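A short write-up of the structure that comes next.
Throughout, protein chains are lettered first and strands after them, A, B, ... in sequence-line order, and every chain is numbered starting at 1. Model, not experiment: these values are computed from the prediction.
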2 protein chains.
Amino acid sequence: MGVSERGAADVKGERGRREEAREAMCPHRLVLEHVTSRWGVLVLDALLDRSYRFSELRREIGKLSTVSEKMLAQTLQTLERDGFVHRDAKPVIPPRVDYSITPLGREAAEQVRALARWTGVRMDDVQRARAAYDAAREAARA
Amino acid sequence: MGVSERGAADVKGERGRREEAREAMCPHRLVLEHVTSRWGVLVLDALLDRSYRFSELRREIGKLSTVSEKMLAQTLQTLERDGFVHRDAKPVIPPRVDYSITPLGREAAEQVRALARWTGVRMDDVQRARAAYDAAREAARA
DNA sequence: CGGTATCCGTATGGATACTG
DNA sequence: CAGTATCCATACGGATACCG
């Protein structure tokens with residue numbers, strides 16, 4: 001799931017309409033979507049170990065899956081706004097911005113990491129299940 | 001984040017190309033995306049308590065967020081293929097299909113539920129963080 | 001009832017170029 | 001370096017129709 005935020009570029013400075021509409025009925029579902037989003041998961045997991053600069057974080061995450069600058073920036077902004085990530089912009093040339101996890105973010109990140117680890121551990125069970133499923137469908141086709 | 005599967009209808013019987021390509025480099029990331037997907041989270045959480053029929057599940061989930069038949073079917077298929085959900089189609093008229101969670105799925109669902117609960121508990125911290133963030137940006141604008 | 005097939009609008013998010 | 005602006009492909013997901 002994406003971060004569900006339209007880039008500020010596409011429509012002037014507003015968060016997505018969908019997200020805004022859904023915010024009314026069940027606010028914490030959105031928070032869940034933020035932390036479990038495609039890049040949110042990887043950002044939180046990375047920041048659990050140490051703080052990162054923007055490009056450094058991009059490279060780190062890139063080991064697993066390539067993320068565009070745009071999506072990384074969007075994800076970081078969302079997580080910062082929710083209070084999970086702290087952004088420290090140093091007024092130097094060239095610019096230097098450090099991202100770190102907050103105490104609140106750490107709580108989320110630990111659970112997310114646990115889930116991520118779990119998928120790794122259970123991966124072969126999943127693959128066996130998939131093989132069985134595909135085989136059954138193949139058989140049904142004949 | 002969606003389930004990341006294109007409907008079988010759109011392109012003949014194949015899973016999304018993106019998903020297929022990414023499957024190669026980091027398979028367990030996809031599993032994580034399946035269980036944390038928009039509807040995957042809600043399906044797993046619901047099935048943790050008891051089994052449901054298709055429409056019944058749709059109504060249950062609908063209390064939180066409306067899901068189309070198409071997306072629910074897609075989500076259930078993905079979770080079934082991964083071995084998290086068991087599908088029991090009874091050969092009766094009218095058709096009756098029960099969905100239940102598997103032991104493997106239960107492990108995932110429990111973690112997902114814990115995370116979902118956590119977002120509920122910490123919701124006011126998040127809202128305070130958001131208010132602070134928005135106020136800071138407002139101040140910077142002036 | 002429990003789906004699948006098809007059509008289709010549009011938000012999502014990647015690539016690229018540009019700026020402070 | 002750390003982003004923002006812009007463009008654009010596409011896949012996400014809703015509506016509808018139909019079938020077993």
| query | Sequence neighbours excluded, which residues qualify as side-chain contact (heavy atoms from CB on, under 4.5 Å) partners of A:R59? | reply | A:S55, A:E56
| said: In whole Å, I'd like the distance from the CD atom of A:E60 to the P atom of D:dA2. | reply: 15 Å
| query | Could you give the distance from CG (B:D82) to CZ (A:R128), rounded to the nearest 0.5 Å? | reply | 13.5 Å
| remark: Rounded to whole Å, the NE2-P distance (A:H34 to C:dT12) equals 10 Å
| field | Under-4.0 Å side-chain N/O to phosphate OP1/OP2 contact, A:W39 with C:dT12 | value | no
| task | Starting from C1' on D:dC1, measure out to CG on A:D88 and report it in whole angstrom. | result | 15 Å
| task | Please answer whether the main-chain N or O of A:G83 pairs with a side-chain N or O of A:T102 as donor and acceptor at a distance below 3.5 Å. | result | yes
| task | Return the value, rounded to whole Å, for the distance between atom CE of B:M71 and atom C1' of D:dA15. | result | 14 Å
| said: I need the NZ-C1' distance between A:K90 and D:dG3, as an integer number of Å. | reply: 17 Å
| message | As a test of understanding, state which of B:K90, B:H86, B:R87, B:R53 forms a side chain to side chain donor-acceptor pair (under 3.5 Å) with B:D98. | response | B:K90
| message | Donor-acceptor pair, distance only, cut-off 3.5 Å: does the side chain of A:R29 make one with the backbone of B:R38? | response | yes
| A:R38 CZ to C:dT12 C1': how many Å, rounded? | 10 Å
Which atom pairs link the protein and nucleotides 1-4 of chain C when you take only N or O atoms and keep those under 3.5 Å?
{"residue": "C:dC1", "atom": "O3'", "partner": "B:R53", "partner atom": "NH2", "Å": "3.0"}
{"residue": "C:dG2", "atom": "OP1", "partner": "B:R53", "partner atom": "NE", "Å": "2.7"}
{"residue": "C:dG2", "atom": "OP1", "partner": "B:R53", "partner atom": "NH2", "Å": "3.0"}
{"residue": "C:dG2", "atom": "OP2", "partner": "B:S55", "partner atom": "N", "Å": "3.3"}
{"residue": "C:dG2", "atom": "OP2", "partner": "B:S55", "partner atom": "OG", "Å": "3.0"}
{"residue": "C:dG3", "atom": "OP1", "partner": "B:R87", "partner atom": "NE", "Å": "3.3"}
{"residue": "C:dG3", "atom": "OP1", "partner": "B:R87", "partner atom": "NH2", "Å": "2.5"}
{"residue": "C:dG3", "atom": "OP1", "partner": "B:Y99", "partner atom": "OH", "Å": "3.3"}
{"residue": "C:dG3", "atom": "OP2", "partner": "B:Y99", "partner atom": "OH", "Å": "2.7"}
{"residue": "C:dG3", "atom": "N7", "partner": "B:E69", "partner atom": "OE1", "Å": "3.2"}
{"residue": "C:dT4", "atom": "OP1", "partner": "B:Q77", "partner atom": "NE2", "Å": "2.9"}
{"residue": "C:dT4", "atom": "OP2", "partner": "B:Q77", "partner atom": "NE2", "Å": "3.1"}

| All pairs passing salt bridge (Lys or Arg N to Asp or Glu O under 4.0 Å) where residues 99-115 of chain A contributes a residue, at least two apart | A:D45-A:R113, A:D49-A:R113, A:E107-B:R122
